[in-house]
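One structure is given below, encoded as structure tokens.
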Amino acid sequence: MTSRAATRPLPPEASPLDCVLGLLRALETGGAAAPDPFLAPDYVLTEAPSLLAPQGSIRTRSEVLAGAERSGEVVVGQRFEVRRSTCEAGRVVVEADWSAVLQLGLPYWDAGDEIRASTVAVFEVRDGLVVSQHSYDCYHRPPEPGPAATAS
């Protein structure tokens with residue numbers, strides 16, 4: 001078995017911001033193998049209530065990786081466009097626009113629709129690994145059909 005340090009995708013001198021940006025790029029590729037080396041064994045994701053998760057959620061590393069493994073069943077073409085970031089010691093804050101194409105229908109969207117969200121996430125990085133993430137996602141609902149679209 002290889003040590004976690006041997007599987008790290010970034011050099012030891014990588015900044016916390018480099019670690020977080022690497023994680024976002026890994027998430028874009030889909031599957032659990034890509035983000036796995038960026039996450040500490042005690043990683044926890046806390047998601048604030050949102051349109052798709054009205055109660056919010058708290059997920060462990062294993063739950064996040066299981067979800068990442070299934071992500072291709074739900075979305076393809078995930079993309080994070082980082083708008084702003086700041087870093088203080090091991091804390092990184094990222095403001096980004098997220099988008100993907102849905103593989104199945106969800107409330108407000110049909111399969112094949114592009115889903116978009118504005119997101120702010122606060123990451124804690126320790127020893128080159130992300131140990132926690134607090135995400136605040138604001139999903140952009142598609143426009144309501146106008147009168148012309150509903151007229152028969």
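Just so you know, these numbers use all the heavy atoms, side chains as well, and skip hydrogens, waters and symmetry mates. Everything quoted here is computed from the prediction, not taken from an experiment.
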Distance (rounded to the nearest 0.5 Å) between Phe38 CZ and Leu23 CG: 6.5 Å
So do the side chains of Pro142 and Tyr108 get within less than 4.5 Å of each other, counting heavy atoms only? yes
Verify side chain to side chain donor-acceptor pair (under 3.5 Å) between Asp137 and Thr119, making sure each step is shown before the conclusion. CA-CA 4 Å; Asp137 302 325; Thr119 184; 2.5 Å; yes
Kindly compute the distance separating OG (Ser99) from CZ (Arg116), expressed to the nearest 0.5 Å. 8.0 Å
Within the side chain of Arg61, is there an N or O that forms a donor-acceptor pair under 3.5 Å with the backbone of Ala40? yes
Between Gln133 and Tyr43, the two heavy atoms sitting closest are OE1-OH, 2.7 Å
Connected via hydrophobic side-chain network under 4.5 Å: Val74 and Leu51: yes
Heavy atoms only: give me the nearest His140-Ser118 pair and the separation to one decimal. NE2-OG, 2.9 Å
For Ser15, the side-chain contact (heavy atoms from CB on, under 4.5 Å) test, sequence neighbours excluded, returns Leu17, Asp18
Taking only residues two or more places apart in sequence or in another chain, which ones pass side-chain contact (heavy atoms from CB on, under 4.5 Å) with Arg25? Glu28, Arg79, Phe80, Val82
Is it the case that one hydrophobic cluster holds both Val20 and Leu10, taking links as side-chain heavy atoms less than 4.5 Å apart, direct or via other members? yes
Qualifying salt bridge (charged side-chain N to carboxylate O under 4.0 Å, His left out) pairs, either residue in residues 90-105, two or more places apart: Arg83-Asp97, Arg84-Glu95, Arg91-Glu124
From CG (Leu39) to OG (Ser132), nearest 0.5 Å: 11.0 Å
Under 4.5 Å between side-chain heavy atoms, chaining through other members, with only Ile, Leu, Val, Met, Phe, Trp and Tyr counted: pull out the rest of the cluster around Val131, sorted by chain and number. none
Taking all heavy atoms of Asp110 and all of Asp113, pick out the closest pair and write down the distance. N-OD2, 2.8 Å
So which heavy atom on Val101 is nearest to which on Gly112, and how close? CG1-O, 3.7 Å
The criterion is side-chain contact (heavy atoms from CB on, under 4.5 Å); which residues satisfy it with Glu63, sequence neighbours excluded? Arg59, Thr60
Do Leu102 and Tyr139 sit in the same hydrophobic cluster, where Ile, Leu, Val, Met, Phe, Trp and Tyr count as joined when their side-chain heavy atoms come under 4.5 Å apart? yes
Transitive ILVMFWY side-chain link Leu106 to Val76, under 4.5 Å: no
I'd like to know whether Ser135 forms a side-chain contact (heavy atoms from CB on, under 4.5 Å) with Leu45, so could you lay out the CA-CA distance, the side-chain angles of the two residues, the decisive distance to 0.1 Å, and finally the verdict. CA-CA 8 Å; Ser135 288; Leu45 169 63; 4.0 Å; yes
Distance (rounded to the nearest 0.5 Å) between Cys19 SG and Arg126 CZ: 12.5 Å
Would you indicate whether the side-chain heavy atoms of Pro49 and Pro54 approach each other to under 4.5 Å? no
Under 3.5 Å, is there a donor on one side chain and an acceptor on the other for Ser57 and Glu47? yes
Find out if a path of hydrophobic residues (ILVMFWY) with successive side-chain heavy-atom gaps under 4.5 Å connects Leu24 to Leu65. yes
With sequence neighbours excluded, tell me which residues meet side-chain contact (heavy atoms from CB on, under 4.5 Å) with Ala100. Val75, Gln78, Trp98, Ile115
Minimum heavy-atom distance between Ala34 and Pro37, given as atom pair plus value: O-CD, 3.3 Å
Please find the pair of heavy atoms, one from Val94 and one from Ser85, that lie closest to each other, and give the distance. CG2-CB, 4.2 Å
